[in-house]
Novice: 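Structure incoming, see below.
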Amino acid sequence: SWKVKAYDRLGNVATSSARSFLVDNTAPTITADPVGTVGSNGWFKSDVTVSLSPADTEGSGIAATYYQIDGGSQQTYASAFTISADGIHSVKFWTVDVARNTSNMETLEVKKDATPPALDPTIPAVTGQNGFYKGPVTFLSIQDDGNPRRRPFLLGVENGQLVQVN
């Protein structure tokens with residue numbers, strides 16, 4: 001707090017009442033928590049709900065929190081949001097406190113693939129009569145879920161065992 005006194009040439013004194021002010025020069029912080037059914041290699045197998053947690057423990061308090069998904073328009077964060085489209089998504093998020101200090105812009109990568117692979121079985125063999133096959137039968141299946149980041153693979157049956165062919 002502070003006070004100001006003023007004097008004129010005749011010795012008159014004016015004193016202000018006590019004033020105080022607050023200083024906040026510390027940026028707030030923010031974290032993200034993605035929740036969904038976890039698959040393998042960092043992929044989610046379900047919709048992903050993202051919660052943001054801003055904090056300004058030593059400052060003026062949080063004024064607003066923002067996020068962007070895949071470079072889209074800036075959104076004001078009010079509650080958890082859901083990522084439902086398959087693919088790799090980039091979520092950028094940041095927060096601003098009452099004193100207008102801004103946190104670092106953080107980035108969360110959300111990888112989601114909830115689409116099961118398509119199964120297209122073929123049985124290459126010489127056919128006989130009435131649904132019977134002549135000779136050995138190999139069952140092949142190309143599995144492809146449409147995700148361009150993973151290649152299809154072939155499954156077959158050899159000596160009664162399911163094997164990956166390629």
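The first residue of the sequence shown is numbered 1, and numbering continues consecutively from there.
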Novice: Can you sort out the partners of Asn12 under side chain to side chain donor-acceptor pair (under 3.5 Å), two or more places apart, ordered by chain and number?
Specialist: Asp8
Novice: Quick one: does any side-chain atom of Ser60 pair with a main-chain N or O of Ala99 as donor and acceptor, under 3.5 Å?
Specialist: yes
Novice: When clusters are formed from ILVMFWY side-chain contacts under 4.5 Å, directly or step by step, what else is grouped with Val13?
Specialist: Tyr7
Novice: Can you pull the salt bridge (Lys or Arg N to Asp or Glu O under 4.0 Å) pairs that have at least one residue in residues 22-38, sequence neighbours excluded?
Specialist: none
Novice: Only counting residues at least two apart or in another chain, list the ones meeting side chain to side chain donor-acceptor pair (under 3.5 Å) with Ser73.
Specialist: Gln75
Novice: Measure across Ala27 and Asn101 and return the closest heavy-atom pair with its distance rounded to 0.1 Å.
Specialist: CA-CB, 3.8 Å
Novice: Of Asn104, Thr65, Thr102, which is the lone residue that meets side-chain contact (heavy atoms from CB on, under 4.5 Å) with Thr95?
Specialist: Thr65
Novice: Enumerate the salt bridge (Lys or Arg N to Asp or Glu O under 4.0 Å) contacts for residues 43-71, please, sequence neighbours excluded, ordered by first and then second residue.
Specialist: Asp47-Lys112
Novice: Suppose we screen for side chain to side chain donor-acceptor pair (under 3.5 Å). Which residues come up paired with Ser103, at least two apart in sequence or across chains?
Specialist: none
Novice: Partners of Thr107 by side chain to side chain donor-acceptor pair (under 3.5 Å), sequence neighbours excluded?
Specialist: Lys92
Novice: Who else is in Tyr66's hydrophobic cluster (ILVMFWY, side-chain heavy atoms under 4.5 Å, direct or via others)?
Specialist: Trp94, Val96, Met105
Novice: My understanding is that a hydrophobic cluster links ILVMFWY residues whose side chain heavy atoms are under 4.5 Å apart, including indirect links. Using that, what else belongs to the cluster containing Val91?
Specialist: Ile30, Val38, Phe44, Val48, Val50, Leu52, Tyr67, Ile69, Tyr77, Phe81, Ile83, Phe93, Leu108, Val110
